[in-house]
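Read through the structure below, which is laid out as structure tokens, and then see the notes.
As a basis for the values below, the full set of heavy atoms in this structure was taken, side chains included, without hydrogen atoms, waters or symmetry mates. Proteins get letters first, then strands, A, B, ... in listed order; numbering begins at 1 in each.
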2 protein chains.
Amino acid sequence: MKPRLRDDPDASTPGPAGWQAQKSASTRLQIVESALRCVVDLGYSCTTTTVIAEKAGLSRGAMLHHFPSKIDIVRAAVEHLHSKRLKAFRKAIDRLPRDETRVRRALEAYFEHVKHPMYVAFLELWIASRTDPELQAILKPAQEAFEREWYKTAVDLFPEWEGSGANFDIALDLVHYVMDGLAVSLLTHDIGEHERRMVGYLEERLRELASKPAAARP
Amino acid sequence: MKPRLRDDPDASTPGPAGWQAQKSASTRLQIVESALRCVVDLGYSCTTTTVIAEKAGLSRGAMLHHFPSKIDIVRAAVEHLHSKRLKAFRKAIDRLPRDETRVRRALEAYFEHVKHPMYVAFLELWIASRTDPELQAILKPAQEAFEREWYKTAVDLFPEWEGSGANFDIALDLVHYVMDGLAVSLLTHDIGEHERRMVGYLEERLRELASKPAAARP
DNA sequence: CCGGTTTCAATCATCTTTGACTTTTCCCGA
DNA sequence: TCGGGAAAAGTCAAAGATGATTGAAACCGG
């Protein structure tokens, strides 16, 4: 029913060592991605070990061999999610041209980021972590790392803003808050004119903040 | 253990009809508020009938007499929450002076609104409703009603903007998205300088949108 | 004072989720 | 070819949540 591991094209470790054990990392990846799919499709509270195993195409017992407990799956899933978010974001930013369209394109890259199902998973986990200390202990450091990376990326992308004082921080905050608000809206209704117009408006505000005389950073 | 219903000071119906049945509406209110408290304190997924009854000070059986099923409690809780949000919001708006400080004060009123635990409950339910059709069927109409009311309130508060074309809509969207983003941020960390600064920035943008030449409404 | 109705309490059966345990299958090297 | 060990599958009991049922207590009208 399930193809042999050796034939599994999902194997992402091209290393020469073809251990059987090493190959079973593919199974772990399947489990982790199944868990994230469950969070997106069913919500965090319905993400039970049973459905994760079902969607991953294994038995529960097999899964609990790789991850002794549910929290271990969650931990691995969060790390995987964080890594994917970061990689996708950096990739999108790295291919931006260094011309006039940078602002617009960076905004749209970030907008794509929050439209992605990955961000839905993140929001589900984020909300759940409010009342789940164990999850919070896992998610908070990952998110803080992401935001630091985001800040660094922004500085890297707009080096000329670095000296522009508080305007730069305000711009980042503005993008952050508006995008989060958009993400929450997009959870329940499809994208429409309001959302697109807001991205356009954001762009104008960013250009304005970039050109305005620098406000003193407190 | 529980005071007699007749002595219950929570009774909000000052009508002359002192029916026993009428008074038991107080018990229903207790249950509903307990449910909302549970959503805020424990999250929606941990809001079980058992803890609701516990926090309300009744037995589970007694509670299930008033609300035959859990979804009935949720329905009543959503309606109560919606009503409370609306009333609190209108009250905050109605006492705003009609002077220059309107914009700032309206913003702060809305900020207070999203800082309130009530809004945490709403967010929890909103996220949960993404993957819970039954909850969505209850929550979505309530939220749409709230947003319509919000729009009407805004028009009422800033009548001179009504003719200012798309700028008015953009201003409302902007406030909406930024405040939602702030609310998500405030879920997990306390309010700080970033949040306050953003409210200040929002105020500037609203004044700008109000004074700028009207953009054609599409 | 009494009977009926409403409110409250307690118990029960069912279902789901979880983690531990046991068994079977498969891969690799000797 | 065979045996060791990892991977996968299946089984089990404990805990928790839900809804239904039954029994007790309080209140009202007559």
Side-chain angles (χ1 to χ4, degrees), chain A residues 1-8 10-11 13 16-32 34-35 38-39 42-75 128 132 134-135, chain B residues 1-8 10-11 16-32 34-35 38-39 42-75 77 128 132 134-135:
Chain A
M1 184 173 273
K2 186 171 164 299
R4 284 199 216 95
L5 290 179
R6 302 199 62 114
D7 301 339
D8 196 339
D10 290 349
T13 50
W19 292 51
Q20 97 176 7
Q22 223 49 2
K23 283 287 181 140
S24 90
S26 151
T27 304
R28 291 173 61 94
L29 184 65
Q30 269 184 296
I31 295 171
V32 162
S34 167
C38 286
V39 170
L42 311 172
Y44 181 66
S45 66
C46 291
T47 298
T48 68
T49 56
T50 306
V51 281
I52 295 176
E54 266 175 26
K55 289 213 178 192
L58 304 90
S59 74
R60 254 189 85 252
M63 189 175 69
L64 262 64
H65 168 73
H66 293 277
F67 298 98
S69 172
K70 185 184 179 176
I71 191 70
D72 297 307
I73 305 179
V74 172
R75 195 186 327 272
D132 185 334
E134 212 166 10
L135 180 57
Chain B
M1 185 175 273
K2 186 170 165 298
R4 283 200 217 94
L5 290 179
R6 305 199 60 115
D7 301 342
D8 197 338
D10 289 349
W19 294 48
Q20 99 177 6
Q22 220 51 1
K23 283 289 182 133
S24 92
S26 151
T27 303
R28 291 173 59 95
L29 185 65
Q30 268 184 299
I31 294 170
V32 161
S34 169
C38 286
V39 170
L42 312 173
Y44 181 66
S45 65
C46 290
T47 299
T48 68
T49 55
T50 307
V51 282
I52 296 177
E54 265 176 26
K55 287 212 179 191
L58 305 90
S59 77
R60 236 175 52 82
M63 190 175 68
L64 262 63
H65 167 76
H66 292 277
F67 298 97
S69 171
K70 184 183 181 178
I71 191 67
D72 298 307
I73 305 180
V74 172
R75 196 186 328 272
D132 186 335
E134 210 165 11
L135 180 56

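With sequence neighbours excluded, the residues satisfying side chain to side chain contact (heavy atoms under 4.5 Å, CB included) with B:Ser45 are A:Ser45. Partners of A:Ser59 under the side chain to side chain contact (heavy atoms under 4.5 Å, CB included) rule, at least two apart in sequence or in another chain, are A:Ala62.
B:Tyr44 places its OH atom 13 Å from the C1' atom of D:dA17, with the value rounded to the nearest Å. When rounded to the nearest whole Å, the span between CD1 of B:Ile73 and P of D:dA17 equals 14 Å. Between the CZ atom of B:Phe67 and the C1' atom of D:dT18 there is a distance of 17 Å, rounded to whole Å. For B:Asp72 and D:dT18, the CG to P distance is 13 Å, given to the nearest whole Å. One interatomic measurement links the two molecules: CD1 of B:Ile52 to C1' of D:dA17, which rounds to 12 Å at whole-angstrom precision. Taking atom CE on A:Met63 and atom P on D:dG10, their separation rounds to 14 Å, with Å as the unit. Atom CG of A:Leu58 and atom P of D:dA7 are 12 Å apart (whole Å).
The side chain of B:His65 places an N or O atom within less than 4.0 Å of a non-bridging phosphate oxygen (OP1 or OP2) of C:dT7. Taking side-chain N and O atoms only, B:His66 has a distance below 4.0 Å to OP1 or OP2 of C:dC8.
For residues 61-74 of chain B, the salt bridge (charged side-chain N to carboxylate O under 4.0 Å, His left out) pairs, not counting sequence neighbours, are B:Asp72-B:Arg75. Applying the salt bridge (charged side-chain N to carboxylate O under 4.0 Å, His left out) test to pairs two or more places apart or on separate chains, those with a residue in residues 47-63 of chain A are A:Asp41-A:Lys55.
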*Determine, for nucleotides 12-25 of chain C in 5'-to-3' order, which nucleotides have protein heavy atoms under 4.0 Å from the base (write B), from only the sugar-phosphate (write S), or from neither (write -).*
-----SBB------
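Distance check, rounded to the nearest 0.5 Å: CG of A:Asp132 to OH of A:Tyr44 gives 5.0 Å.
Residues B:Ile52 and B:Met63 share a closest heavy-atom pair of CG2-SD, 3.6 Å.
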